[in-house]
Protein chains: 2
Amino acid sequence: MQNRIKEFREKKGLSQGKLADLCNVSRQTINAIENNKYDPSLQLAFKLAKTLGVTVDNLFLNGEEN
Amino acid sequence: MQNRIKEFREKKGLSQGKLADLCNVSRQTINAIENNKYDPSLQLAFKLAKTLGVTVDNLFLNGEEN
DNA sequence: TGATGGTGTAAAATATGTTTTACATCATTT
DNA sequence: AAATGATGTAAAACATATTTTACACCATCA
């Protein structure tokens, strides 16, 4: 599943580490998700969306992998 | 995290088993999620939303557990 | 009564997400 | 040249999600 975390994060002038702090996860988690190592949990997805000021549906590109 | 899966599922006249089939997961998974045993993965959340014809943001009630 | 469909639940196994520690690279600053 | 901040990555440990198998209860229908 694709995501636009890096895009919105940079638009807010946040580093991976700062976003991680705001979401109470490690920097590696943010990095891994941005680089598509794995998808976040639903909880973290909502936390990320809230922190970045977008909806979950807008933050994640739901391709036809379903 | 709260969800409205049961509500939308019944509105569509689907059983837990049928919804499970449509989402390619087991019936127990649907049952566990409806009864808040755990949250679905992000992928499954999108699949459920798509199948039920709603957005992820509308399907899940993001309380202040963040 | 016996069969069927829908739901709730439980344990064990497997898959996936997250943390911690640690190191590497690159750019910028002192 | 050394220090700093941002990013990429890796392995081990731990946490959470999902499957499989199985059984139980209840309602309805043959």
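Proteins come first, then strands; the chains are lettered A, B, ... in the order of their sequence lines, and each starts at number 1.
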Gap between atoms CG and P, on B:Asp39 and C:dG17 respectively (whole Å): 14 Å

Value in whole Å for how far the P atom of C:dG17 lies from CG of A:Leu48: 14 Å

A:Ser41 side-chain N/O to C:dT18 phosphate OP1/OP2 under 4.0 Å: yes

Contacts of type side chain to side chain contact (heavy atoms under 4.5 Å, CB included), residue B:Lys6, not counting sequence neighbours: B:Arg9, B:Glu10, B:Glu34

Test salt bridge (charged side-chain N to carboxylate O under 4.0 Å, His left out) applied to A:Arg27 - qualifying residues, sequence neighbours left out: none

Qualifying residues under side-chain hydrogen bond (donor to acceptor under 3.5 Å, both in side chains), relative to A:Gln28, sequence neighbours excluded: none

Atom pair distance, as rounded to whole Å: CG in A:Leu44 and C1' in C:dT16: 14 Å

Distance below 4.0 Å between A:Ser26 side-chain N/O and C:dT19 OP1 or OP2: yes

Write down the protein N/O and nucleotide N/O pairs, taken from nucleotides 6-11 of chain D, whose separation is under 3.5 Å; answer none if there are no such pairs.
residue: D:dT7; atom: OP1; partner: A:Arg9; partner atom: NH1; Å: 3.0
residue: D:dT7; atom: OP2; partner: A:Gln16; partner atom: N; Å: 2.6
residue: D:dG8; atom: OP2; partner: A:Gln16; partner atom: NE2; Å: 2.7
residue: D:dG8; atom: OP2; partner: A:Asn31; partner atom: OD1; Å: 2.5
residue: D:dG8; atom: OP2; partner: A:Asn35; partner atom: ND2; Å: 3.4
residue: D:dG8; atom: N7; partner: A:Arg27; partner atom: NH1; Å: 3.3
residue: D:dG8; atom: O6; partner: A:Arg27; partner atom: NH2; Å: 2.9

Length of the NZ-P vector between B:Lys18 and C:dG5, whole Å: 13 Å

For atom CZ of B:Phe60 and atom P of D:dA17, their distance in whole Å: 11 Å

Salt bridge (Lys or Arg N to Asp or Glu O under 4.0 Å) contacts in which one or both residues fall within residues 52-62 of chain B, not counting sequence neighbours: none

4.5 Å side-chain heavy-atom contact, B:Lys47 and B:Asn24: yes

Integer-rounded Å distance: D:dG5 C1' and A:Leu19 CG: 16 Å

Which residues share a side chain to side chain contact (heavy atoms under 4.5 Å, CB included) with A:Asn31, sequence neighbours left out: A:Gln16, A:Asn35

Rounded distance in Å - CD1 (A:Ile30) to C1' (C:dG17): 13 Å

Sequence neighbours excluded, every pair satisfying salt bridge (Lys or Arg N to Asp or Glu O under 4.0 Å) that has a member inside residues 14-26 of chain B: none

Integer-rounded Å distance: D:dT18 P and B:Leu42 CG: 10 Å

Minimum heavy-atom distance A:Ile33-A:Pro40, with the two atoms named: CD1-CB, 3.5 Å

For A:Thr29, side-chain hydrogen bond (donor to acceptor under 3.5 Å, both in side chains) partners two or more places apart: A:Ser26

Degree of bending, the helix from C:dT1-D:dA30 to C:dT30-D:dA1 (end axes from five pairs; round to 10°): 20°

